[in-house]
Trainee: 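Here's a structure for you.
Residue numbering restarts at 1 for every chain, and letters A, B, ... go by the order of the sequence lines. Just so it is clear, the model here is predicted, and its values are computed rather than measured.
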Amino acid sequence: MTGDFQPKSDFLRVLIERGFIHQCSDFAGVDEKALAGGLTAYIGFDCTATSLHVGSMLPIMMLRWLQKTGGKPIALMGGGTTRVGDPSGKDEARKLLSVEQIEANKDGIRQVFDKFLTFGDGPSDAIMIDNADWLTKLNYIDFLRDVGRHFSVNRMMSMDSVKMRLERDQELSFIEFNYMCLQAYDFVEINRRYGCTLQMGGSDQWGNIVTGIDLGRRMGAPQLYALTAPLLTTSSGAKMGKTASGAVWLNADMLSPYGYWQFWRNCEDGDVGRFLKLFTELPLDEVNRLGGLDGAELNEAKKILANEATALLHGRAAAESAAETARKTFEEGVLADDLPSVALPASEAIGMGVLSAFVRAGLVASTGEARRQIKGGGLRLNDAPVTDEKAALTAADFKDGVAKLSLGKKKHVLLRIE
RNA sequence: GGGGGAAUGUCCCGAGCGGCAAAGGGGGCGGACUGUAAAUCCGCUGGCUAAGCCUUCGUAGGUUCGAGUCCUACUUCCCCCA
């Protein structure tokens, strides 16, 4: 943790105050670099899915603060390392992804960064790089001679990610064992190419990052530094990022701004203050005031959290629209126009059985599930509980061509006649 | 190379004398209570044209009226010996 360290640089001060820091290899060293100006830092992002999810917001915000405090952020796409697969925190070997899949994922992930960082050629402009650029060109024998000889297997065996696998008698394949070597090499290579001296990441990356620092020292690079963020869990201990409909994706085509807004709005009471610090840029005294609210008043703070977090990712307009949709839906009980919707031709919609209607709306996965939800009182059509599973939609159910289907109290989908 | 063990509901863990849509738990979803929170309690958690039908226990065959359960081969994983 941060101990009694008193930072002089804006960069470290902000990160410490807002709770971004779990471990740092050398606070004074990083502070000095940041103070001198021109601190360049990078964070690597795996390309294992077509979109990042909320879990990645923490590192992204760190890059953003770095830029705001005068540093130069580098977003590293793991186009090369994803082909190998990071065993950290995994108790089972990850399936290898195809190269095409990785490239497609990379394209999806890229989109997000424009919203948080300013890219360009200036001294504190962000850049995006891909480690496939150098990793895929490595020659095995050269790599072993130039880089591999600096790695101590003895040390690697003592790292948590490796030790865990060994202790549990779970296989750790050679390719995975190499992951940390590649990530370590990345750090040295990025330092050589861009003068980057700091690598940041989640706390599970500590071992990999420190291995890079070590390699840098042995290969004659300047002093490198590590800075990690805490692993985010909700106050009841659950891993963050999962919700009703799966992961909380950052790309709008995978989770609507409204859905993203709802995610923050529904967070647990105990998380509000912490999340405001991490995921919004509200001044700290404001955050402290909001986080200190009691009971039902805290709901106002949750709305602000949702507004601010959504505005950062999807823009102010989308955030306001989501807030308005939520207000109409939950506070007025009025039908809000831009709830998620599904369009159907009239011929199909009128006379459609309720069961299939809910399946079409995507609220349930099968008619069987729809039947069960009806038994449990979980389905509503235009806010009236559905009781008869044989009922069919009639023209009267579509006011102005729109019928509102709900699952539970929170999930609503509009069925539109096109 | 030799010997021994394992694979179960496509979220996970995990029971299962030849009659099984298959115990139990976690997770998830829904209901009640609330504040769109947490905690608690209750229900649900293979598919369908649904009192019926269909598909499921690593893969492929076999024995049997009947196989998750027995036999054979194969695949993958683990353990012990070399």
Trainee: For B:A32, does either OP1 or OP2 sit under 4.0 Å from a side-chain N or O belonging to A:Lys409?
Mentor: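 Indeed, a polar side-chain atom of A:Lys409 lies that close.
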Trainee: Taking atom P in both B:U75 and B:U64, what distance in whole Å separates the two?
Mentor: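 Approximately 28 Å lies between the P atom of B:U75 and that of B:U64.
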Trainee: Please check: side-chain N/O of A:Thr211 versus main-chain N/O of A:Gly207, any donor-acceptor pairing under 3.5 Å?
Mentor: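 Yes, the answer is positive, given that a donor and an acceptor are paired below the 3.5 Å cut-off.
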Trainee: Tell me the partner of B:U10, counting only Watson-Crick (N1-N3 plus N6-O4 or O6-N4) or G-U wobble (N1-O2 and O6-N3) with both under 3.5 Å; none if nothing fits.
Mentor: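 Matched B:U10 with nothing under the 3.5 Å cut-off.
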Trainee: Taking B:U8 as the reference, what is the distance to B:G52 when you measure between their P atoms (whole Å, please)?
Mentor: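 These two P atoms come out 31 Å apart once rounded.
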Trainee: Which sits closer to the 5' end of RNA chain B, A:Gly408 or A:Asn266, going by the nucleotide each is nearest to?
Mentor: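 Between the two, 5'-proximity favours A:Gly408.
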Trainee: Spell out, as yes or no, whether a donor-acceptor pair under 3.5 Å connects the side chain of A:Thr69 to the backbone of A:Leu66.
Mentor: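 Side chain of A:Thr69 to backbone of A:Leu66, a donor-acceptor pair under 3.5 Å: yes, one is there.
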Trainee: Looking only at atom P, what distance separates B:A38 and B:C29, rounded to whole Å?
Mentor: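 Pairwise P distance, B:A38 against B:C29, rounds to 10 Å.
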Trainee: If the P atom of B:C17 is compared with that of B:G28, how far apart are they to the nearest Å?
Mentor: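 Pairwise P distance, B:C17 against B:G28, rounds to 32 Å.
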Trainee: Would you indicate, yes or no, if B:A37 has its OP1 or OP2 atom less than 4.0 angstrom from a side-chain nitrogen or oxygen of A:Lys410?
Mentor: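 So the side-chain polar atoms of A:Lys410 do come within 4.0 Å of the phosphate oxygens OP1 or OP2 of B:A37, strictly under.
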Trainee: Using whole Å, report how far CD of A:Glu389 lies from C1' of B:G30.
Mentor: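 After rounding, the gap between these two atoms is 16 Å.
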Trainee: Can you check the A:Leu363 CG to B:G28 P distance for me, whole Å?
Mentor: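 So the CG-P distance, A:Leu363 to B:G28, works out to 19 Å.
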Trainee: So for A:Glu331 and B:U36, does any side-chain atom that can act as donor or acceptor lie under 3.5 Å from a complementary atom in the base?
Mentor: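 Side chain to base: no pair below 3.5 Å.
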Trainee: Applying a 3.5 Å limit to both distances, which nucleotide forms a Watson-Crick or G-U wobble pair with B:A15?
Mentor: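 Check on B:A15: unpaired, no WC or wobble geometry under 3.5 Å.
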Trainee: Any strand counts, and the cut-off is 3.5 Å on both contacts for Watson-Crick or G-U wobble. Which nucleotide pairs with B:C70?
Mentor: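 Pairing partner, where one exists within any strand: B:G62.
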Trainee: What I'd like to find out is whether the side chain of A:Phe279 reaches to under 4.5 Å of the side chain of A:Val54, using heavy atoms alone.
Mentor: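 SC-SC contact between A:Phe279 and A:Val54 ruled out.
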Trainee: Would B:C20 be called syn or anti, given that syn covers angles within 90° of 0?
Mentor: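 Syn, angle within 90° of zero.
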Trainee: Would a line drawn from the ring center of A:Phe45 to the ring center of A:Phe113 be shorter than 6.0 Å?
Mentor: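 Under 6.0 Å, so yes.
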Trainee: Rounding to a whole Å, what distance do you find between A:Leu379:CG and B:C29:P?
Mentor: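 The answer, rounded to whole Å, is 15 Å.
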Trainee: Calculate the interatomic distance between A:Lys411 atom NZ and B:U36 atom C1'; express it in whole Å.
Mentor: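 Atom NZ in A:Lys411 sits about 12 Å away from atom C1' in B:U36.
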Trainee: Rounding to the closest angstrom, what is the interatomic distance between B:C42 and B:C48 at atom C1'?
Mentor: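 That atom pair is separated by 29 Å.
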Trainee: Expressed as a whole number of Å, how far does the C1' atom of B:G58 sit from that of B:A51?
Mentor: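 Pairwise C1' distance, B:G58 against B:A51, rounds to 36 Å.
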Trainee: With both distances under 3.5 angstrom, what nucleotide forms a Watson-Crick or G-U wobble pair with B:G46?
Mentor: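 Base-paired to B:C54.
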Trainee: Considering only the P atoms, how many Å lie between B:G46 and B:G25, rounded to the nearest integer?
Mentor: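 Pairwise P distance, B:G46 against B:G25, rounds to 14 Å.
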Trainee: Ignoring hydrogens and angles, tell me if any N or O in the side chain of A:Ser51 forms a donor-acceptor pair with the backbone of A:Asn251 under 3.5 Å.
Mentor: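 Yes, A:Ser51 side chain to A:Asn251 backbone: donor-acceptor pair under 3.5 Å.
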Trainee: Indicate yes or no for a side-chain donor-acceptor contact from A:Lys302 to the backbone of A:Val272 under 3.5 Å, with no hydrogens or angles considered.
Mentor: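 No; zero donor-acceptor contacts below 3.5 Å.
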Trainee: Answer with yes or no whether the side chains of A:Gln205 and A:Gln183 bring together a donor and an acceptor at under 3.5 Å.
Mentor: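 Side chains of A:Gln183 and A:Gln205: pair found under 3.5 Å.
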Trainee: Whom does B:U34 pair with, Watson-Crick or G-U wobble, provided both distances fall under 3.5 Å?
Mentor: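 Base partner found: none.
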Trainee: Yes or no on ring pair (Phe, Tyr, Trp, His ring centres under 6.0 Å) for A:Phe143 and A:Tyr185, after CA distance, side-chain angles and deciding distance?
Mentor: CA-CA 10 Å; A:Phe143 181 74; A:Tyr185 176 68; 5.4 Å; yes
Trainee: Which one of A:Phe11, A:Tyr225, A:Phe5 satisfies the ring pair (Phe, Tyr, Trp, His ring centres under 6.0 Å) criterion with A:Phe27?
Mentor: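 For A:Phe27, the ring pair (Phe, Tyr, Trp, His ring centres under 6.0 Å) check succeeds only for A:Phe5.
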Trainee: Mind calculating the distance between CZ (A:Arg265) and C1' (B:U34) to the nearest angstrom?
Mentor: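 Distance, rounded to whole Å: 12 Å.
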Trainee: Quick one: ring-ring contact (aromatic ring centres under 6.0 Å, His included) pairs with a partner in residues 339-369 of chain A, sequence neighbours left out?
Mentor: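 Non-adjacent pairs meeting ring-ring contact (aromatic ring centres under 6.0 Å, His included): zero.
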Trainee: Could you identify which residues of residues 301-327 of chain A place a heavy atom less than 4.0 Å from some atom of RNA chain B, listed by residue number, or say none?
Mentor: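 Going residue by residue through residues 301-327 of chain A, the ones with a heavy atom under 4.0 Å of RNA chain B turn out to be A:Lys302, A:Ala326.
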Trainee: With both distances under 3.5 angstrom, what nucleotide forms a Watson-Crick or G-U wobble pair with B:C77?
Mentor: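 Checking every strand shown, B:C77 finds its partner in B:G5, with both distances under 3.5 Å.
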Trainee: Out of B:G30, B:U36, B:G35, which nucleotide sits closest to the side chain of A:Gln262?
Mentor: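 So the nucleotide nearest the side chain must be B:U36.
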Trainee: Have a look at A:Leu407 and say if it touches a base, only the backbone sugar-phosphate, or nothing, with a 4.0 Å heavy-atom cut-off.
Mentor: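 Counting heavy atoms under 4.0 Å across all strands, the contact made by A:Leu407 is with sugar-phosphate only.
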Trainee: Are any non-hydrogen side-chain atoms of A:Asn307 and A:Trp261 less than 4.5 angstrom apart?
Mentor: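 A side-chain contact exists here, since the closest heavy-atom pair is under 4.5 Å.
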Trainee: For nucleotides 43-49 of chain B, read 5' to 3', which letter fits each nucleotide if B means a protein heavy atom sits under 4.0 Å from the base, S means only the sugar-phosphate is that close, and - means neither?
Mentor: -SS-SSS
Trainee: With the side chain of A:Glu268 defined as its heavy atoms from C-beta on, choose the nearest nucleotide among B:G30, B:A38, B:U36.
Mentor: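 Shortest atom-to-atom distance from the side chain points to B:A38.
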Trainee: Using atom P of each nucleotide, how far apart are B:C12 and B:A73 to the nearest Å?
Mentor: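 Straight-line distance between the two P atoms is 30 Å.
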